Amino acid sequence: MSVEDTNGGESAHVFADATQAAGTGEALITIENMDKFFGDFQALKDINLTVGLQEVVVVIGPSGSGKSTLIRCVNRLEKHDAGTITVDGVELSDDIKNIQEVRRETGMVFQSFNLFPHLTILENITLAPREVRHVPKAEAEAHAMELLERVKIPEQVNKYPGQLSGGQQQRVAIARALAMRPKVMLFDEPTSALDPEMINEVLESMLELAREGMTMVVVTHEMGFAREVADRVVFMADGEIVEVGTPEHFFTNPQEERTKAFLSQIL
Amino acid sequence: MTDLINDLPLPIDDETRRPVTKKLTAGEWVKENLFATKTSGVFTVLFALIFIQLFVFNITDALLQGEYKLGVVTNWLVNNEYEILRVNLRLWMVGRFPKEEVWRPVGAAWALCFTFSLTGGAMFESSRRQAIEAGTEPPESTPRDMLRRAWPMLALVGLVLILTQTIIPWVNAGVALGLLVAGRWIGQHLPEFVRSWAWWFPLVGLCSAIIMMQANSFLPLLATFVGLAVALVPKLLGPERPRLFRWAAMAGAMVASFLLASMLSGPLNDLVGDPGVGWDKWGGMMVNLLVAISGIVIAFPLGILLALGRRGSRTAPASNQTTIIGVICAVIGAIAFVVIFGTGTMVKPLGLIEFPFAAVGGAVIGGALGAALSLSRQSTTPLFWGLSVTFIEFIRGVPLITLLFFGDSMLLFFFPKGFDAPSQVTRAMIVVTAFSAAYIAEIVRGGLQAVDKGQIEAAQAVGLPFGKVQRLIVLPQALRAVIPAMVGQFISLWKDTSLLGFISLTEILKVSRAANSQPDFQGRGLQDLTFMFVALIFWVVSYTMSRESQRLEKKLRGAER
């Protein structure tokens with residue numbers, strides 16, 4: 001058993017069967033004893049987490065608990081201060097080569113979409129494959145169309161981001177991240193900035209992605225999504241991983257007081 | 001559509017439930033727009049009187065002096081002595097440029113007209129086809145549109161032509177116009193493969209223009225140009241080659257091109273045997289244009305680099321990716337050197353081969369800068385930052401006229417002894433370019449700050465390296481945001497060229513003062529006419545720039561919506 005949920009905090013609780021990560025059992029992301037500071041403020045404390053290949057991990061917790069910071073550390077949008085982060089065998093360090101290598105293998109979807117407003121949808125999607133992987137134009141465009149079909153908005157291909165609704169933009173953002181054929185997708189509260197009626201279309205795209213076997217780390221407040229799709233749920237508070245478990249155990253039988261308090265507030 | 005001028009309730013078309021535009025009769029229009037309220041009626045009458053006084057009939061003179069004259073402006077225009085413009089027209093246009101050499105600037109202008117309109121046509125056609133392919137509305141460009149864009153320029157050219165005494169300027173202008181139209185047409189009908197390279201045509205035009213002005217700048221230009229072309233070699237070699245190989249190929253080819261140019265320099269120089277006209281002989285509107293254009297074209301990339309340098313201090317991860325900036329620096333350095341020292345002192349190191357100094361200087365300086373930057377890790381980024389800040393703050397803290405005096409008198413001390421010092425015009429160009437670069441840098445920095453941090457993160461997250469993040473994501477958005485400020489800077493720079501008269505260059509304002517002190521015209525009170533003429537020239541160019549920038553803004557906004 002190579003995948004192991006270790007959470008260093010003594011107070012943290014691990015369900016017996018939660019250590020058995022879903023997916024193929026091969027570790028894709030390994031975070032060990034990771035700390036992160038913003039100035040004097042410690043945003044993440046001694047984080048230990050392993051994400052297996054083809055596993056879907058949902059990270060939940062109150063705002064300010066460090067969920068976003070955690071996944072932003074995975075592709076080095078934030079620099080961690082101690083411990084190690086290894087993605088697909090590459091350890092993140094100051095070496096820009098390693099950072100680029102990790103970023104090529106990780107797709108990220110942001111809360112505020114962050115599509116490039118001066119490029120068309122097609123250009124948004126084909127930019128990175130062409131500029132980073134040097135995929136020929138025709139091939140990149142064919143792949144982009146395929147991805148747009150998958151997120152069900154092929155007709156928007158020649159428009160600009162500003163002409164699309166929030167839900168459509170977020171689906172384009174998913175397609176853009178997928179265009180690099182990443183091994184893992186990171187979602188940073190992908191539905192938080194959306195109008196309620198658009199949340200489902202994005203969640204559906206994510207659900208489909210999970211079914212296809214994509215490894216995913218999702219920071220979200222969508223408990224329904226967590227319950228349905230997650231292999232494991234990670235609960236964070238005050239920069240620590242408080243509890244890790246399968247959705248079933250997590251929602252029906254939480255062990256930690258902080259988890260119970262949080263769940264009672266939102267459910 | 002709705003008629004926003006009227007607050008009246010609009011009749012509704014029952015079929016479509018849309019407001020219908022009401023047709024107004026002339027009387028109704030006048031009442032609603034000119035005499036809607038008492039106040040507006042008073043202003044209408046007041047403005048009508050002022051208009052009449054200025055353009056139709058001099059009311060005050062009629063009332064006070066009992067003299068019946070045309071309106072003030074009309075009268076001034078009709079009863080003026082245009083002889084002073086006629087006689088000095090050449091001075092205004094080309095200064096003391098030798099008469100028998102005027103074919104050079106004319107030819108240069110032709111080359112630029114043709115190549116620029118060629119590119120304009122090709123780019124227009126490309127965007128039209130793209131729009132059709134994408135199923136969006138294709139852009140339109142009718143001769144009427146072109147006329148609307150170019151009328152101030154055309155009017156100025158027309159005025160100048162009317163003032164000339166010979167037929168030759170008419171022919172020159174006719175050929176230029178013909179080339180413009182032909183270039184546009186040919187550009188639109190080029191095969192697609194050629195069209196995709198259209199960006200390079202103006203460079204060809206520029207090079208031929210420079211060569212026409214001074215044939216012996218051919219060699220350094222060739223070196224730079226070949227170097228630039230070779231920069232495309234890695235692209236042609238295909239993406240599957242390792243990066244190192246591509247950079248090596250590029251560097252090798254550039255060095256080879258410099259060597260080639262250097263070796264050919266001796267024989268070719270003899271062959272050409274045409275020294276051309278030094279820039280020190282430039283004058284009139286040519287010198288205003290030359291300095292302003294260098295202050296825009298050369299200063300623009302320089303300003304961007306300065307802005308990136310100033311900002312790069314803490315945000316940019318220094319890395320191998322800075323190579324891109326390094327190479328840009330090298331190319332700009334080489335071009336700048338060729339432009340500045342184009343006439344070229346020749347050097348013969350170790351008595352072997354004769355090198356044009358410009359090619360060597362450009363290669364050495366550009367290469368050193370590029371190497372320094374490409375090797376730059378964390379340690380050199382603050383260096384670049386410090387240099388940028390120092391440069392910007394020094395230049396911005398000193399008035400342009402002071403810098404011009406500095407360039408005129410002191411810049412010479414910085415050049416080694418026995419060295420062909422750059423001409424006065426060149427020195428003015430250096431100063432104005434530096435001045436402009438500092439201001440552009442601050443404008444660009446403002447634009448860089450306006451770009452959302454999420455854009456950079458998104459670009460990094462998809463794996464784009466630092467250079468490409470800046471070039472493909474940040475700069476396009478930053479520059480787009482600062483078009484108005486940037487064009488404002490360009491316009492003010494264009495008008496600042498009138499300061500060149502203070503360092504005894506014969507720019508157009510200086511010419512009008514000189515004309516008024518000629519024996520024929522001295523003391524005849526013709527200053528107003530000459531200054532109006534100069535003002536007209538400044539205005540036409542400024543207004544055209546302003547209009548074109550608005551067009552560009554609208555076009556880009558249309559794309560993003």
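FYI, side chains are in, hydrogens and waters are out, and symmetry mates aren't considered; it's all heavy atoms of this structure. Computed from a prediction, not measured in an experiment: that's the story for all the values here. In what follows, chains carry the letters A, B, and so on, assigned in the order in which the sequence lines appear, proteins first and then strands, with residues in each chain numbered from 1.
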Next item on the list: Give the intermediate values and the outcome of side chain to side chain contact (heavy atoms under 4.5 Å, CB included) for residues Asp452(B) and Asn114(A).
Entry: CA-CA 9 Å; Asp452(B) 183 27; Asn114(A) 293 347; 4.0 Å; yes

Check: Yes or no on side chain to side chain contact (heavy atoms under 4.5 Å, CB included) for Leu472(B) and Glu131(A), after CA distance, side-chain angles and deciding distance?
Finding: CA-CA 10 Å; Leu472(B) 299 171; Glu131(A) 294 291 337; 3.5 Å; yes

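- Interatomic distance, CD of Gln460(B) versus CE of Met108(A), reported as 11.0 Å (0.5 Å rounding).
- Neither the backbone nor the side chain of Arg76(A) comes within contact range of chain B; no heavy atoms are under 4.5 Å apart.
- For Phe116(A), the parts lying near chain B are the backbone and the side chain together; criterion is any non-hydrogen pair under 4.5 Å.
- When all heavy atoms of Gln455(B) and Pro117(A) are compared, the pair lying nearest together is OE1-CD, 3.4 Å.
- Taken to the nearest 0.5 Å, the CD1 atom of Ile473(B) stands 7.5 Å off from the CG atom of Asn124(A).
- Of the listed residues (Leu115(A), Thr106(A), Leu119(A)), the greatest number of heavy-atom pairs within a distance under 4.5 Å of chain B belongs to Leu115(A).
- Taking both residues in full, the closest heavy atoms of Val462(B) and Arg176(A) are given as CG1-CG, 4.2 Å, listed atom of the first, atom of the second, then distance.
- Rounded to the nearest 0.5 Å, atoms CG (Leu464(B)) and CZ (Arg103(A)) are 10.0 Å apart.
- More than 12 heavy atoms of other residues, nucleotides or ligands lie within 6.0 Å of CD in Glu155(A), so this atom counts as buried by the packing criterion.
- Shown here for Ala461(B) and Phe110(A), the closest heavy-atom pair between the two residues is CB-CZ, 4.0 Å.
- Using a 4.5 Å cut-off between heavy atoms, Leu186(A) does not touch chain B at all.
- Atom NZ of Lys152(A) sits in a crowded spot, with more than 12 heavy atoms from other residues, nucleotides or ligands closer than 6.0 Å.
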Margin query: Let's go through Lys468(B) and Leu127(A) carefully: what are the C-alpha distance in whole Å and the side-chain angles of both, what is the deciding distance for side chain to side chain contact (heavy atoms under 4.5 Å, CB included) to 0.1 Å, and is it a yes or a no?
Written below: CA-CA 10 Å; Lys468(B) 283 185 178 173; Leu127(A) 180 78; over 6 Å; no

